[in-house]
Amino acid sequence: MKYLKYILLGLVVLFVLFILKGVLSPTQTYDVEVTVDKSAKEAWAVMNDETKTMDWLKGLTKVEHISGEKGKVGAVTKYTYTENGKESYIMETMKEIVPYKKVAMDFVMDGVMTMDYTMNLEEKDGKTIVKSTTIAEGDGMFMKSLFTFMKKTMISQEEENLANLQKVINENTTDYFPAPQV
């Protein structure tokens, strides 16, 4: 009986420490960047080409416009992801758009997280630096605490997505800006 008390006390202490970690670090912030061998204008066009989105976002199976004007501030889009046969949904709301330079959006996954996400493009010497900044927060105390242990996984996922985007942009053959015919 004495050992059971110690085991229960140990579990309570671990649970309190787990929750405390979420209280002390409720948000997870990280940056990831890649450089592409294309202009910011072309990189922007590829990033916004819905026919290529599934090529660079891992697990994405469906993109559905919900409301607002597509490509404008306030537009809402539903992203469906499938992993291990299970579907999950993320709602995106566009917050800011500066063509060829910046896009900012909020993502919400009900019961799991909210995410403030910004993608910046900076052109230098014919190449473009694509940098994402993410501020993620778990939904509720348990998820906030869990997210403190998931930061490395979230960074790895973003690195994989941006590496895929880099490849899609660098291998792009679509002419988004054809010269006018004379």
Side-chain angles (χ1 to χ4, degrees), residues 27-83 87-110 112-137 139 147 151 153-182:
T27 61
Q28 304 305 310
T29 303
Y30 51 93
D31 299 315
V32 175
E33 73 177 48
V34 294
T35 301
V36 296
D37 298 325
K38 303 282 185 162
S39 69
K41 193 173 180 180
E42 184 172 349
W44 180 271
V46 172
M47 282 174 36
N48 287 287
D49 184 342
E50 283 187 11
T51 66
K52 297 183 182 201
T53 306
M54 289 184 214
D55 295 336
W56 62 276
L57 287 176
K58 181 182 177 182
L60 182 66
T61 55
K62 186 177 178 184
V63 178
E64 181 182 356
H65 178 74
I66 301 298
S67 66
E69 188 177 341
K70 254 186 184 184
K72 302 288 184 190
V73 172
V76 177
T77 304
K78 178 180 177 181
Y79 292 88
T80 302
Y81 289 86
T82 303
E83 189 173 348
E87 282 190 345
S88 59
Y89 310 96
I90 296 178
M91 300 300 285
E92 168 199 82
T93 303
M94 298 300 289
K95 293 191 318 186
E96 181 181 5
I97 300 170
V98 181
Y100 318 122
K101 294 185 185 289
K102 178 182 182 181
V103 62
M105 58 212 77
D106 284 329
F107 290 103
V108 175
M109 188 174 193
D110 283 336
V112 178
M113 68 162 186
T114 58
M115 185 183 295
D116 179 359
Y117 185 86
T118 304
M119 179 101 52
N120 288 289
L121 285 76
E122 181 183 352
E123 193 168 335
K124 283 186 179 178
D125 304 320
K127 296 182 180 203
T128 301
I129 299 165
V130 179
K131 180 181 178 183
S132 71
T133 301
T134 305
I135 303 169
E137 184 170 349
D139 191 7
F147 270 37
K151 185 172 181 176
T153 302
M154 292 187 296
I155 292 170
S156 293
Q157 181 62 61
E158 184 64 5
E159 288 172 339
E160 182 178 350
N161 286 339
L162 286 191
N164 291 340
L165 176 61
Q166 178 184 43
K167 182 178 183 207
V168 170
I169 292 171
N170 284 337
E171 294 176 357
N172 179 55
T173 57
T174 304
D175 185 2
Y176 294 99
F177 312 100
Q181 299 295 321
V182 239

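The residues of the chain are indexed from 1 along the displayed sequence. The figures that follow rest on heavy atoms only: side chains count, while hydrogens, waters and symmetry mates do not.
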State whether a side-chain donor-acceptor pair under 3.5 Å links Glu158 with Thr134. no
Ignoring hydrogens and geometry, is there a side-chain-to-backbone donor-acceptor pair from [X] to [Y] under 3.5 Å?
X: Asn161; Y: Lys58; value: yes
X: Asn170; Y: Asp37; value: yes
X: Lys151; Y: Thr29; value: yes
X: Asp125; Y: Lys127; value: no
X: Thr61; Y: Thr80; value: yes
X: Thr77; Y: Glu92; value: no

Rounded to the nearest 0.5 Å, what separates atom [atom1] in [X] from atom [atom2] in [Y]?
X: Glu159; Y: Ser132; atom1: CD; atom2: OG; answer: 9.0 Å
X: Asn172; Y: Glu42; atom1: CG; atom2: CD; answer: 4.5 Å
X: Glu137; Y: Met113; atom1: CD; atom2: CE; answer: 11.5 Å
X: Ile129; Y: Glu122; atom1: CD1; atom2: CD; answer: 5.0 Å
X: Tyr100; Y: Lys41; atom1: OH; atom2: NZ; answer: 4.5 Å
X: Asp110; Y: Ser88; atom1: CG; atom2: OG; answer: 11.5 Å

Using side-chain heavy atoms (C-beta onward) and a distance below 4.5 Å, is [X] in contact with [Y]?
X: Asp139; Y: Val112; answer: no
X: Val34; Y: Leu165; answer: no
X: Val103; Y: Met94; answer: yes
X: Trp44; Y: Thr128; answer: no
X: Leu121; Y: Lys101; answer: no
X: Lys70; Y: Glu50; answer: yes
X: Val130; Y: Met119; answer: yes
X: Tyr176; Y: Asp49; answer: yes

Over 12 non-hydrogen atoms of neighbours within 6.0 angstrom of [atom1] in [X]:
X: Glu83; atom1: CD; answer: no
X: Lys167; atom1: NZ; answer: no
X: Lys52; atom1: NZ; answer: yes

Where is the tightest heavy-atom contact between Ala104 and Thr118, given as atom of each residue plus distance? CB-OG1, 3.9 Å
Please give me the minimum heavy-atom distance between Gly71 and Ile97, naming the atom from each residue. O-CD1, 3.0 Å
Between Lys102 and Glu96, is the closest basic N to carboxylate O distance under 4.0 Å? yes
Lys62 bridged to Glu87 by N-O distance under 4.0 Å: no
Chi angles and distances behind the side-chain contact (heavy atoms from CB on, under 4.5 Å) call for Lys95, Asp116: CA-CA 9 Å; Lys95 293 191 318 186; Asp116 179 359; 2.8 Å; yes
Test side-chain contact (heavy atoms from CB on, under 4.5 Å), reference Ile135, set Asp106, Thr114, Thr27, output is Thr27
Check the pair Trp56 / Ile169 against side-chain contact (heavy atoms from CB on, under 4.5 Å), numbers first and verdict last. CA-CA 10 Å; Trp56 62 276; Ile169 292 171; over 6 Å; no
Evaluate Phe147 against Met154 for side-chain contact (heavy atoms from CB on, under 4.5 Å), listing each step before the verdict. CA-CA 9 Å; Phe147 270 37; Met154 292 187 296; 4.0 Å; yes
